[in-house]
Amino acid sequence: MPTYKYQSVLPTGVSVFGIFDAEDETALASYLLTRGMTLVDFSDIAIDKRLGTQLAAIPRILQLRIGERIQEALLTGLPAHVAIAAMANEPFEHPLLMAMPWLTGLAGSALVMSILLTIAIPEFTVALILTATIALVTCTGLWIVGYWWLQIRPRDMLLRLSRQMAAGSSESLMQEAFVPLEIRSIMKSDMAAQQKSLSVAELLPSLGIMQVQRHLFATRMVAPFLALLLLIPASYCALLIVIPKFKEIFVGFGVELPYLTQVTIGLSDLISHVGMPGLIGVTLLTAAVTVLFYTMMIWSPAAEILSVVPMLGTSLRLLMQARVARVLGVLVRNHSSVSDAISVATNASGYREVRRRGAEMATELRNGKPVNLVCAGLHGLPLSLLLRVSDRNESEDARQETAQSFLMFASSLEQASWGHGSILAVGVEMLAMSVTGVVTVIFVIGMFMPLIKLLNDLSVCLWTWGAWL
């Protein structure tokens with residue numbers, strides 16, 4: 001039995017839209033007459049019946065097609081609450097959730113290693129096992145919280161949004177922080193309702209790509225930075241566990257210690273007074289700094305602060321400009337005015353200065369004043385292309401070409417940001433390896449020079465005693 005999307009009219013003249021399964025057009029019209037409605041228009045839509053089954057029974061390839069159906073549903077006029085309810089059943093994947101099994105596995109492996117290390121270092125048995133257990137519990141807790149925050153919460157929000165839209169109200173949910181900034185900017189604009197719907201429908205598939213780009217860039221930056229930060233707890237462990245063993249050797253033989261060795265042993269004595277609580281604190285501080293750095297790169301207001309950092313700021317600005325260009329392309333394609341397009345796109349950037357300048361340009365355009373389409377934060381975008389579509393009599397081809405140009409600029413800027421970030425990441429990796437090498441050399445020289453001197457003195461004594469015999 002085919003599924004029809006229909007438009008009908010009540011006796012009062014109110015239009016009613018919906019979907020219904022019927023044998024043919026006549027059966028559909030007869031059914032609507034029983035409800036006091038007259039059929040005006042209809043079309044046949046193809047919906048796989050397996051979409052009504054439980055989510056676990058839906059094949060993976062079919063789940064991936066649901067996202068395409070949502071866009072088609074919104075673009076073809078299917079009731080929005082139906083499309084959003086379908087979106088709630090779409091599989092949610094997030095880079096952080098995909099990393100949690102690996103982090104939890106590493107924490108479990110660390111617990112096993114700590115149990116094995118207690119055989120070699122029995123005096124730190126309780127501390128090592130306690131630290132590894134805390135790490136495992138922390139990773140498991142973060143996994144649970146992340147699952148709720150990134151899967152259960154969005155799904156519940158979508159279902160509530162669907163129910164409210166079916167009841168004719170959705171304003172309260174559109175103000176929620178979960179709704180992407182790009183969508184909120186479009187919904188708060190002065191564009192017509194049809195332009196908003198079409199723009200949101202076209203932009204939705206790109207939002208995931210833009211978010212993944214930001215997370216990939218942040219991961220690329222954090223990985224070498226984390227390697228550099230891990231040197232701090234590693235050095236702490238060496239000063240707490242390894243150096244005291246060397247100190248016992250030096251004290252037992254009464255060796256005269258070089259200045260570098262004395263400094264290292266003095267630092268080890270200071271660390272020994274703090275003990276394992278200090279190691280736990282240093283580890284938590286390292287994790288907190290890493291999370292803070294990661295969050296600052298994916299959160300727009302914080303990314304604007306980091307944009308003044310040489311090299312790193314360039315990559316962050318390129319990502320922001322790519323977001324603005326993508327939103328501009330979508331809005332121009334869906335016949336938005338130039339003032340609305342600039343206002344919405346700059347507001348979606350998340351950068352305060354760009355938002356302020358965009359509001360100024362939009363106000364000048366609405367008032368009919370001559371405006372210079374130049375923004376310090378968007379110097380990589382050819383905003384002057386918007387002048388091609390400022391005239392209402394402009395051809396549709398010119399509008400579509402302009403929209404396509406902005407979308408191509410968005411892709412190019414994303415690739416440029418990734419390449420620029422890769423160069424910076426290589427530099428941070430080289431810095432991490434250099435610092436690690438210097439610290440290792442200092443440790444080796446500081447600890448083994450007295451041993452070498454001791455062996456040399458012993459050999460001289462033995463040679464002298466043998467010569468005397």
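On a predicted model such as this, the values are computed, not experimentally measured, just so you know. For this chain, numbers begin at 1 and follow the sequence in order.
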Item to check | Stepwise side chain to side chain contact (heavy atoms under 4.5 Å, CB included) check, Leu267 with Ile243 | outcome: CA-CA 9 Å; Leu267 187 58; Ile243 302 301; over 6 Å; no
Checklist entry - Just wondering, are more than 12 heavy atoms of other shown residues or ligands nearer than 6.0 Å to CE in Met311? => result yes
Checklist entry - Looking at Leu316 and Ala303, what are the two nearest heavy atoms and their distance? => result CD1-O, 3.8 Å
Checklist entry - What heavy-atom pair brings Ala218 and Tyr294 nearest, and what distance separates the two atoms? => result CB-CE1, 3.6 Å
Next on the checklist: If I take atom CG from residue Leu103 and atom CG from residue Leu136, how far apart are they, to the nearest 0.5 angstrom?
Outcome noted: 11.5 Å
Item to check | Side chain Ser417, main chain Leu413, donor-acceptor under 3.5 Å | outcome: no
Next on the checklist: Using the rule given for side chain to side chain contact (heavy atoms under 4.5 Å, CB included), can you reason through Phe406 versus Val324, listing the C-alpha separation, both sets of side-chain angles and the distance that settles it, and then say yes or no?
Outcome noted: CA-CA 9 Å; Phe406 278 112; Val324 173; over 6 Å; no
Item to check | Pair Arg333-Leu407, side chain to side chain contact (heavy atoms under 4.5 Å, CB included): steps then yes or no | outcome: CA-CA 10 Å; Arg333 176 174 291 170; Leu407 294 176; 3.5 Å; yes
Next on the checklist: Test your reading of the model: is there a side-chain donor-acceptor pair from Ser339 to the backbone of Ala362, 3.5 Å cut-off?
Outcome noted: no
Item to check | Stepwise salt bridge (charged side-chain N to carboxylate O under 4.0 Å, His left out) test for Lys245 and Glu248 | outcome: CA-CA 5 Å; Lys245 304 294 184 181; Glu248 294 177 3; 5.3 Å; no
Checklist entry - Does Phe217 reach the side chain of Leu312, with side-chain heavy atoms less than 4.5 Å apart? => result yes
Checklist entry - Quick one: OH on Tyr259 to OG1 on Thr264, what's the gap to the nearest 0.5 Å? => result 10.0 Å
Checklist entry - Under the side-chain hydrogen bond (donor to acceptor under 3.5 Å, both in side chains) test, which residues partner Ser315, sequence neighbours left out? => result His420
Next on the checklist: Using only atom types and a distance under 3.5 Å, with no angle test, would you say the side chain of Arg323 pairs donor to acceptor with the backbone of Ala348?
Outcome noted: yes
Next on the checklist: Using 0.5 Å steps for rounding, measure from the CD1 atom of Ile342 to the CZ atom of Arg357.
Outcome noted: 9.0 Å
Checklist entry - Which pair of non-hydrogen atoms, one from Val428 and one from Pro224, has the smallest distance, and what is that distance? => result CG1-CB, 3.6 Å
Checklist entry - Around atom OH of Tyr147, are there more than 12 heavy atoms of other residues, nucleotides or ligands at under 6.0 Å? => result no
Checklist entry - Side chains of Thr140 and Met100: does their closest heavy-atom pair fall under 4.5 Å? => result no
Checklist entry - Within a strict 4.5 Å, meaning less than it, do heavy atoms of the Asp340 and Leu331 side chains meet? => result no
Item to check | Rounded distance (nearest 0.5 Å) linking atom CG of Leu318 with atom CH2 of Trp418 | outcome: 14.0 Å
Item to check | Minimal non-hydrogen separation, Ala107 against Cys139, with atom names | outcome: CB-SG, 4.0 Å
Item to check | Sub-4.5 Å side-chain heavy-atom contact between Ser300 and Arg355 | outcome: no
Checklist outcome for this item: On a heavy-atom basis, the closest approach of Thr346 and Ser349 is O-OG, 2.5 Å
Checklist entry - Does some side-chain heavy atom of Ser411 sit less than 4.5 Å from a side-chain heavy atom of Arg326? => result yes
Checklist entry - Between CG of Leu229 and OG1 of Thr290, what distance do you get to the nearest 0.5 Å? => result 5.0 Å
Item to check | Shortest non-hydrogen separation from Arg352 to Glu304 and the atoms involved | outcome: N-OE1, 2.8 Å
Next on the checklist: Are Met297 and Val222 packed together at the side-chain level, in the sense that at least one heavy-atom pair is separated by less than 4.5 angstrom?
Outcome noted: yes
Checklist entry - Going from CZ on Arg317 to CG on Leu319, what distance comes out if it is rounded to the nearest 0.5 angstrom? => result 11.5 Å
